[in-house]
Amino acid sequence: MHNAVTNDQIADVLDQVADLLEFEAANPFRIRAYRNGSRIARDLTESLATLSADPERQLTDLPGIGKDLAEKMDTLLTTGRLPLLEEIFERVPQSVLSLMRIPGLGPKKASVLYRELGITTLAALKAACEADQVRALKGFGTKTEEAILAGMELAAAAGERIYWADADRIATQLLSHMKSCPTIEQMQMAGSYRRRRETVGDLDLLVDSEDATKVMDHFGRFSEIKSVTGRGETKMSVRLESSLAIDLRVVSTDSFGAALQYFTGSKAHNVRLRGMAKARKLKINEYGVFAGEKKIAGRTESGVYTALELPCFPPELREDREEFDWAANGAMPELVDLSDIRGDLHMHTTATDGKCTLREMVEAAKDRQLQYIAITDHSQRVTMARGLNPDRLRRQWREIDKLRKEVDGITILKGIECDILEKGGLDLPDDVLAEADYVVCSIHYGQNQPRKQITDRMLEAIEHPYTSAIAHPTGRLINRRKPYDVDLEAVLRAAAEHKKLLELNAHPSRLDLDDIGCASARSHGAQVVIATDAHTIVGLDVMRYGVMQARRGGLTKKDVANSRSWDDLKKWLGGRTR
DNA sequence: GCCGTTTTCGGCCCGACTGTTTTCAGTCG
């Protein structure tokens, strides 16, 4: 018996099929269909297993999934395998996929290497390059051979995405460097960085200037650059010491908006947009929107969208998920903004594993214009963090009472991050929880339990009369262990029903509810609370990353609980809190 | 392989750059 097949696993298989079909030079549109299917699986707000099992619905309801792909997904769901992939592996060795990961080496060239030299592995390719065999092939030359060898070293580091927050540091440095170039009219970062994806693969800088040469020369003097990997009339590519790639594109004022739209993407969003343009007998490219020969938009980004009778989508939403439907139905969400956030409901102090005192945290929150905060140290089960037992917790609350009298202009809530115990149930007695203003429940132990058990533990915590919120139900650190396995849909349903908040961890290295969970939360009517889980004063500053995640998930001010005043929120939570 | 205001066939986004050619294919975004 195989384990439950996840959307990501299905997406990976479909991607492999697409890669291998490309290698075999299959119909490019068939390849695109598989890639599209992969993206749909990855982005879906619920598990394909759930959707497939629902008698009311079908996989073919998903736009882009037809009869064939639906069948293949079902096969994967029920057997964990895909006969088509196994058939392809009989013709093509799996390891050729690694060849295509080398920058500059696509399916066609990889295929030639395989057919002519029988190369299937990176090691064999390296040997062939060093033996000067590759340059002898038709369509290859010495430059290609050199590029392959250089690319191989790069291949390990390349393709790795970095946190948005890290990309932000580099982007800020770059923009500040470019500012001193006098021939620049305007410039903007585009790409996934502008779309605020939680990780960024490379940076795209778009510049409006009449003197591309000067701009590119100036760009080339950015101190972090290790090598220039390409330079043409209007486009230049470099790689930084950190191996991050940056693309620069120089356009004229006339085209800046169209180029900004184009290079912001996403690719899927743009493909969709181009299709819509075509249906209106318009052509759209990075220079503008054209009716025949006549350019009808391009100077501004909003102009491009207006020409297609579309709203200027916030970049965070440009993923070809639901944004076009929202636009068509006049239901574009007004996304939540950092300035909407009035309170932070999760933070720690020196009482447990925080690095700053209660007073320091309160002062820091005031500095950040927060109207209310909840102090939520760990409960006793978290021994590593010296979690609070009832006595110590009540002592902290008396301290808060004192502080309330000394500090005005901010509401300090008596809270607790109460553990959900391994065997179920909460880590503190009901009479203690009843005295708290705010109780957020977390799982720190027993994270490897089966899905059903984890889900039941969470549901019990949600149904408990004195709890206010449930912490990061899909919480996972990027590049770290896999998240614990939980029926997120059930958690969201219960949270909505029992009026409990769903905590979205704002830290940039977390992919908590990210886009997927947010969309689900919205569809269930569950309220999200964006929280920093700050352990230090500067920890409070990650709130903006949480807001970014929420925006990508299409959440409005109304969906985010801590954009309300505490009085309103308290009312919404009902009689449980004081 | 998907899809339908060109609806069951015949389309499917578009351009820059590179290296190899000697007029263009492959790769990338």
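Per chain, numbering begins at 1; letters A, B, ... match sequence-line order. A quick note: this is a predicted structure, and the numbers were derived from the prediction, not measured.
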Taking the inter-plane angle between the rings of A/Trp164 and A/Tyr545 on a 0 to 90° scale, is it parallel (under 30°), tilted (30 to 60°) or perpendicular (over 60°)? perpendicular
Pairing of A/Arg318 and A/Glu301 as salt bridge, 4.0 angstrom limit: yes
Do A/Tyr262 and A/Tyr287 have ring centroids that are under 6.0 Å from one another? no
Is it true that A/Arg493 and A/Asp487 make a salt bridge, defined as a side-chain N closer than 4.0 Å to a carboxylate O? no
Return whichever of A/Lys108 or A/Gly232 has its heavy-atom-nearest nucleotide of DNA chain B closer to the 5' end. A/Gly232
Reckon A/Leu273 touches a base, only the sugar-phosphate, or nothing at all at heavy-atom distances under 4.0 Å? nothing
Could you tell me whether A/Ile31 contacts a base, only the sugar-phosphate backbone, or nothing, with contacts defined as non-hydrogen atoms closer than 4.0 Å? nothing
Within residues 130-145 of chain A, residues whose heavy atoms come under 4.0 Å of DNA chain B: A/Gly139, A/Phe140, A/Gly141, A/Thr142, A/Lys143, A/Thr144
Contact class for A/Pro107 vs. all strands (heavy atom < 4.0 Å): base, sugar-phosphate, or nothing? sugar-phosphate
Between A/Thr229 and A/Arg30, just flag the one whose closest nucleotide in DNA chain B comes earlier from the 5' side. A/Arg30
Rounding to an integer number of angstrom, what distance separates B/dC12 and B/dC17 when you compare their P atoms? 25 Å
Using the P atom in both, what is the distance from B/dC24 to B/dC13, to the nearest Å? 23 Å
Would you mind classifying the nucleic acid contact of A/Thr234 as base, sugar-phosphate or nothing, using non-hydrogen atoms under 4.0 angstrom? sugar-phosphate
When rounded to the nearest Å, what value does the distance between C1' atoms of B/dG11 and B/dT5 take? 16 Å
Passing candidate, side chain to side chain donor-acceptor pair (under 3.5 Å) with A/His269, options A/Arg321, A/Glu323, A/Arg274: A/Glu323
Residues A/Asp337 and A/Arg551 bridged, charged N to O under 4.0 Å: yes
What does A/Asn36 touch in the nucleic acid at a heavy-atom separation under 4.0 angstrom: a base, only the sugar-phosphate, or nothing? nothing
Charged N-O contact under 4.0 Å between A/Asp68 and A/Lys72: yes
Can you tell me how far P in B/dG26 sits from the matching atom in B/dT21, rounded to whole Å? 13 Å
Rounding to an integer number of angstrom, what distance separates B/dG15 and B/dG10 when you compare their P atoms? 25 Å
Which atom pairs, one a donor and one an acceptor, fall under 3.5 Å between side chains of residues 204-214 of chain A and the rest of the protein, sequence neighbours left out?
| unit_1 | atom_1 | unit_2 | atom_2 | d |
| --- | --- | --- | --- | --- |
| A/Asp208 | OD1 | A/Thr253 | N | 3.2 |
| A/Asp208 | OD1 | A/Thr253 | OG1 | 3.0 |
| A/Asp208 | OD2 | A/Gln186 | NE2 | 3.0 |
| A/Asp208 | OD2 | A/Thr253 | OG1 | 3.0 |
| A/Ser209 | OG | A/Thr183 | O | 2.8 |
| A/Ser209 | OG | A/Asp211 | N | 3.0 |
| A/Asp211 | OD1 | A/Thr213 | N | 3.4 |
| A/Asp211 | OD1 | A/Lys214 | N | 3.2 |
| A/Asp211 | OD2 | A/Lys214 | NZ | 3.4 |

Mind checking A/Arg231 for me? I need base, sugar-phosphate or nothing, with any heavy atom below 4.0 Å counting as a touch. sugar-phosphate
Is A/Phe263 touching bases, backbone alone, or none of the nucleic acid, heavy atoms closer than 4.0 Å? nothing
Between B/dA25 and B/dT20, how many Å separate the two C1' atoms, rounded to a whole number? 9 Å
Given side chains that start at C-beta, do those of A/Asp559 and A/Val528 come closer than 4.5 Å, heavy atoms only? no
How far, in whole Å, is B/dC3 from B/dT8 if one measures between their C1' atoms? 10 Å
Sole candidate of A/Leu62, A/Ile40, A/Asp74, A/Thr6 that passes side chain to side chain contact (heavy atoms under 4.5 Å, CB included) when paired with A/Leu48: A/Leu62
Taking a pair to mean Watson-Crick or G-U wobble geometry with both distances below 3.5 Å, B/dT8 pairs with none
Walking along DNA chain B from 5' to 3', note the first and the last nucleotide with an atom under 4.0 Å from a heavy atom of chain A, and give both. B/dG1 to B/dG29
Would you classify A/Lys72 as touching base, sugar-phosphate or nothing, given that sugar-phosphate means primed atoms plus P, OP1 and OP2, and contacts are heavy atoms under 4.0 Å? sugar-phosphate
